[in-house]
Amino acid sequence: MTAFKSGDPTTLNRLYGRQSGHKLRAGQQELVDTLLPALSVPEEGPVTAADLFGYDRPLHFEIGFGSGEHMAFRADMLPDHGFIGCEPFLNGVVGALGHVRDKALGNVRIHMGNALEVLSRIPDGALSFVYLLHPDPWPKARHAKRRMMNKGPVEMIAAKLKPGGEFRFGTDHPVYLRWALMVMNGHPAFDWLASDPKDFLVRPGGWPETRYEAKARRKGHEVWYFRYRRRACETDES
Ligand SMILES: C[S@@+](CC[C@H](N)C(=O)[O-])C[C@H]1O[C@@H](n2cnc3c(N)ncnc32)[C@H](O)[C@@H]1O
C-alpha cells in the first residue's frame with residue numbers, strides 16, 4: 001500500500017512509501033493486538049515524558065525506526081530515559097515490538113504512523129535526542145520535497161530539541177549526503193560535531209548498526225554518520 005500526500009519542502013504532513021508488507025504470523029499479530037495498544041503514544045494532546053513514563057526524564061525520539069533495533073539498543077542501554085519511536089510500516093513495528101518484549105523494555109513508546117504528527121505535539125525544548133537513520137532517500141530531484149531532511153521537519157526538530165540536545169543522522173546515499181550537507185551546513189540552530197573526516201566515516205559509540213545500514217554495507221556502500229548539537233540560541237554564531 002502506498003500513501004502519498006503532496007507537499008512542498010516546508011510541509012510537515014508527509015508520509016510516503018509502503019505501510020505494510022508480508023502477512024503477519026499469528027504470534028506477530030498477537031503482538032500488534034496486545035502489546036502495541038499498551039505502548040502506543042496517545043492519539044491526541046501534548047506528548048510529554050511525565051505523561052508517557054510517569055515522571056520527567058530525558059526523552060529520545062526516533063523517526064522511521066525500521067525494525068527498531070537501534071531504538072531497542074538505546075532504550076536497553078539507558079533504562080532511565082524515555083524513547084518514542086515512530087514508524088508507519090506495520091512489519092517494522094512488529095519487529096520493534098519483538099525487541100521490546102525480548103528485552104523487557106519498559107521505556108519505549110511507539111507511534112505507528114507519521115513521526116512529524118507526534119513530534120509536533122511534543123513541547124518545544126523537551127527532547128534530548130532525535131534520530132533520523134537512513135531516511136528514505138528519494139534520490140530523484142523531482143522527489144526531493146519528500147525527503148525528511150527538509151526545511152519544515154528540520155525546523156521542527158530544532159524547536160523540539162533542548163539546548164545541548166543532539167540530532168543524529170545517518171545515510172549511505174550520496175545524493176542524500178549532499179542534500180543533507182546543504183540543508184544542515186550553516187544552519188543557525190545546529191553545530192556539527194565533527195573535527196575530522198573520521199567523525200563522519202566511523203560509526204560513533206552507542207550508535208548500533210541498523211538493519212538498513214547492514215544491508216548498505218553488504219552492498220559495499222560507504223555510510224556517513226552525523227551528530228549535530230542544538231545551539232542554545234539560534235542567532236548565537238559562536
Ligand atoms: C530506509 S528505511 C530505514 C529504517 C531504519 N531507520 C534503518 O536504518 O534500518 C526508512 C524508514 O523511514 C520510514 N518513514 C518514512 N516516512 C516516515 C514518516 N513520515 N514518519 C516515520 N517514519 C517514516 C519508512 O517507513 C522506513 O521504514
Side-chain angles (χ1 to χ4, degrees), residues 1-22 36 39-41 43 47 60-75 83-99 108-122 127 129-140 143-157 160 167-177 179-180 203-204 206-219 221-226:
M1 184 173 133
T2 295
F4 174 81
K5 295 194 174 80
S6 63
D8 64 35
T10 57
T11 298
L12 296 169
N13 190 12
R14 62 184 58 215
L15 196 50
Y16 311 100
R18 59 184 188 154
Q19 291 181 273
S20 61
H22 64 77
L36 183 57
L39 300 185
S40 284
V41 175
E43 294 287 326
V47 176
H60 301 233
F61 190 89
E62 184 157 344
I63 300 171
F65 57 64
S67 298
E69 51 285 334
H70 171 273
M71 177 172 66
F73 178 98
R74 298 282 294 167
F83 289 77
I84 302 172
C86 303
E87 172 57 63
F89 186 50
L90 173 64
N91 304 68
V93 168
V94 169
L97 293 171
H99 292 306
V108 170
R109 297 293 179 272
I110 288 175
H111 173 66
M112 191 166 79
N114 183 5
L116 298 175
E117 192 281 308
V118 173
L119 191 60
S120 69
R121 291 190 281 129
I122 293 176
L127 293 176
F129 282 86
V130 173
Y131 309 99
L132 176 63
L133 307 181
H134 301 278
D136 293 323
W138 297 111
K140 290 180 184 158
H143 289 151
K145 66 187 176 194
R146 297 185 183 188
R147 295 173 194 152
M148 185 57 78
M149 206 174 252
N150 255 309
K151 186 171 165 49
V154 169
E155 295 309 319
M156 193 189 283
I157 290 166
K160 303 302 172 181
F167 174 35
R168 293 187 177 182
F169 157 70
T171 188
D172 68 311
H173 203 289
V175 170
Y176 214 101
L177 170 72
W179 178 264
R203 184 145 38 82
W207 182 331
E209 188 175 60
T210 67
R211 181 182 284 211
Y212 190 88
E213 180 187 339
K215 208 164 117 190
R217 291 277 184 206
R218 282 199 298 276
K219 288 187 205 159
H221 293 185
E222 191 70 82
V223 178
W224 298 282
Y225 311 87
F226 292 85

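As the structure lists them, so they are numbered: ligands from 1, and atoms in each ligand from 1.
- Within 6.0 Å of the CZ atom in R211, the count of heavy atoms belonging to other residues, nucleotides or ligands does not exceed 12.
- Distances between N or O atoms of E62 and those of ligand 1 include no value under 3.5 Å.
- The shortest heavy-atom contact between M71 and G85 is SD-CA, 3.4 Å.
- In this structure, P139 and R147 approach most closely via the heavy-atom pair O-NH2, 3.3 Å.
- For K215, the closest heavy-atom approach to ligand 1 does not fall below 4.0 Å.
- Contact analysis leaves G92 out of contact with ligand 1, as no non-hydrogen atom separation drops below 4.0 angstrom.
- Checked by distance only, ligand 1 and A115 come closer than 3.5 Å through their nitrogen or oxygen atoms.
- R203 places no side-chain N or O within donor-acceptor distance of the main-chain N or O of P208, the cut-off being under 3.5 Å.
- Nearest heavy atoms, M149 versus L132: CE-CD2, 4.3 Å.
- Each of the following atoms of ligand 1 lies closer than 4.0 Å to a heavy atom of R211: 9 (O).
- Remark: ligand 1 and M148 share no N or O pair separated by less than 3.5 Å (distance only, no angle test).
- Shown in contact with G113 at under 4.0 Å from a heavy atom are these atoms of ligand 1, numbered in order with element: 20 (N), 21 (C).
- Contact of the D136 side chain with the R146 side chain is not registered, since no non-hydrogen atoms from C-beta on lie closer than 4.5 Å.
- If you number the atoms of ligand 1 from 1 as listed, the ones under 4.0 Å from a heavy atom of H134 come out as 1 (C), 2 (S), 3 (C), 8 (O), 10 (C).
- The atoms of ligand 1 that sit less than 4.0 Å from any heavy atom of T210 are 7 (C), 8 (O), 9 (O).
- Of the options Y131, F65, F61, F129, a side-chain contact (heavy atoms from CB on, under 4.5 Å) to F83 is made by Y131 and by none of the others.
- Residues H70 and E213 form no side-chain contact, since every pair of their non-hydrogen atoms from C-beta on lies 4.5 Å or further apart.
- Atoms of ligand 1 lying under 4.0 Å from at least one heavy atom of C86, given by number and element, are 21 (C), 22 (N).
- Residue N114 places a heavy atom less than 4.0 Å from ligand 1.
- Among the atoms of L133, some N or O lies under 3.5 angstrom from an N or O of ligand 1.
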